[in-house]
**Q** 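Okay, handing you the structure first.
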Amino acid sequence: MTAASKLQAILERARGARVVVLTGAGISAESGIPTFRGPEGLWTIGSREYQPQEIATWGFFERQPDAVWSWYLYRRSICQQAQPNAGHRALVDLETLLQDRFRLVTQNVDGLHLRAGNSAERTYSIHGNLDFARCAAECVNELVPMPLHGAWARGCTLGPREREALHCRHCGSWLRPHVLWFDETYDEPRYRYESSIGAVSDAALLIVVGTSGATTLPMQMGMIAANRGVAIIDVNPETNPFSRLAQAAGVHVAGPAARVLPELVRAFRASADADRQRRRS
Ligand code: OAD
Ligand code: ZN
């Protein structure tokens, strides 16, 4: 069976069923945001002075909030300058087509899925979203729109104006970026852990896009799908743990997300249209 006919059979079986899309940094690569583990990756080059695995922690933030904020303001300024690409837009079309049968679980903190137009209710940002901050002392349980905007050079230090803007207006503690750090754990209220597990436990198809499978919840979702015999479509130019899981009941589509996802969504729509025609006649 060719990859195309395999894909067709998978889409036909998934008709009318729930679909979960899981995305990683690869979907935003064509928007100009570096991935984490590629040659120019954020985790490969790090900040000017610190290793990323060190700086992206609560422990480091407690000791050096200024340095952590400087790093995240730099990352956010890259995200703000970026625009959603054809891959993001295809997922908006897929949500429009599937409505409540669609869930999007994203590891990306760049906010591009929401800016493209996916709904906040059906999008689970399991590693947070850099468009928001929250009180580091947790005095209130609310997300604050990021108070600072604009370009931020790598390694630039905070001035008094930025420091003030980055403090909680209720209790005066530091705000922190709304992101999950290496020494923290997934939860439901902030990161939609149970919702993500629930979504994949109910789905008839898991579409994985642009992730290397290095974090635990995404791999857990892949394992749940594989153990249930659910088809996995893995969209990634490289092989990775999900393409290996997809060997059993799915397919690895080797290519960039901005090209492959619009094709995939067109095939989805064609399959739904054909079904509608069949029912009518
Ligand atoms: P990685 O940098 O680990 O992996 C990016 C993946 O995208 C790789 O598998 C690439 O082959 C693939 N890729 C590159 N270009 C692509 C394209 N145009 N289209 C499709 N795929 C492409 O990034 P993630 O898997 O997202 O967590 O990393 C997962 C998590 O690790 C991140 O969310 C972050 C990091 O530590 C936290 O910050 C908690
Ligand atoms: Zn506070």
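Residues: numbered from 1 along the sequence shown. When a ligand or atom number is given, it counts from 1 through the structure's own listing order.
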**Q** Quick one: does Thr215 get within less than 4.0 Å of ligand 1, heavy atoms only?
**A** yes

**Q** Is a donor on one side and an acceptor on the other found under 3.5 Å between the side chain of Asp183 and the backbone of Trp58?
**A** yes

**Q** Could you tell me whether Ala29 and ligand 1 have an N or O pair separated by under 3.5 Å?
**A** no

**Q** Near Glu238, which atoms of ligand 1 are under 4.0 Å from a heavy atom of that residue?
**A** 11 (O)

**Q** Under the criterion side-chain hydrogen bond (donor to acceptor under 3.5 Å, both in side chains), I'd like the reasoning laid out for Ser28 against Asp110: C-alpha separation, chi angles, the key distance, then a yes or no.
**A** CA-CA 8 Å; Ser28 297; Asp110 55 36; 2.6 Å; yes

**Q** Could you list the atoms of ligand 1 found under 4.0 angstrom from a heavy atom of Ser212?
**A** 1 (P), 3 (O), 4 (O), 6 (C), 9 (O), 25 (O)

**Q** Is it the case that more than 12 heavy atoms not belonging to Arg228 sit under 6.0 Å from its CZ atom?
**A** yes

**Q** Main chain of Val179, side chain of Tyr191: is a donor-acceptor contact present, judged purely on distance under 3.5 Å?
**A** yes

**Q** At less than 4.0 angstrom from any non-hydrogen atom of Glu30, what atoms of ligand 1 do you find?
**A** 17 (C), 18 (N), 19 (N)

**Q** Spell out, as yes or no, whether a donor-acceptor pair under 3.5 Å connects the side chain of Arg154 to the backbone of Tyr74.
**A** no

**Q** Decide whether the shortest distance between a heavy atom of Ala214 and an atom of ligand 1 is less than 4.0 Å.
**A** no

**Q** Give yes if a backbone or side-chain nitrogen or oxygen of Asn240 is under 3.5 Å from a nitrogen or oxygen of ligand 1, and no if not.
**A** no

**Q** When you measure from the side chain of Arg76 to the backbone of Leu148, do you find a donor-acceptor pair of N or O atoms at a distance under 3.5 Å?
**A** yes

**Q** Hey, is the main chain of Asn240 close enough, under 3.5 Å, to the side chain of Ser243 for a donor-acceptor pair?
**A** yes

**Q** Pairs of nitrogen or oxygen atoms closer than 3.5 Å, one from Pro237 and one from ligand 1: do any exist?
**A** no

**Q** Has ligand 1 got any nitrogen or oxygen that is less than 3.5 angstrom from a nitrogen or oxygen of Thr211?
**A** yes

**Q** Picking from Ile207, Val253, Val209, what satisfies side-chain contact (heavy atoms from CB on, under 4.5 Å) with Leu264?
**A** Ile207

**Q** Hey, does Phe182 sit under 4.0 Å from ligand 1 if you only count heavy atoms?
**A** yes

**Q** Please could you name the atoms of ligand 1 that Gly24 approaches to less than 4.0 Å, counting only its heavy atoms?
**A** 26 (O)

**Q** Provide the protein N, O or S atoms situated under 2.8 Å from the Zn ion (ligand 2); waters are not included.
**A** Cys135 SG, Cys139 SG, Cys168 SG, Cys171 SG

**Q** Using a cut-off of 6.0 Å, state whether more than 12 heavy atoms not belonging to Asp100 lie near its atom CG.
**A** yes

**Q** Which bit of Gln107 gets closer than 4.0 Å to ligand 1, counting heavy atoms only: side chain, backbone, both or neither?
**A** both

**Q** Could you please spell out the steps behind the side-chain contact (heavy atoms from CB on, under 4.5 Å) verdict for Trp69 and Phe61?
**A** CA-CA 8 Å; Trp69 264 119; Phe61 179 77; 3.9 Å; yes

**Q** Between His252 and Phe242 (judged by ring centroids, cut-off 6.0 Å), do the two rings come close enough to count as a pair?
**A** no

**Q** His127 vs Tyr186 aromatic rings, parallel, tilted or perpendicular, using cut-offs 30° and 60°?
**A** parallel

**Q** For ligand 1 and Ala25, I'd like to know whether there is a polar contact (N/O to N/O, distance under 3.5 Å).
**A** yes

**Q** Considering Gly26, Ser31, Ser28, which one's heavy-atom position lies nearest to atom 17 (C) of ligand 1?
**A** Gly26

**Q** Which atoms from ligand 1 have a heavy atom of Leu180 less than 4.0 Å away?
**A** 39 (C)

**Q** Pick from Ile126, Val200, Val208: which one makes a side-chain contact (heavy atoms from CB on, under 4.5 Å) with Pro218?
**A** Ile126

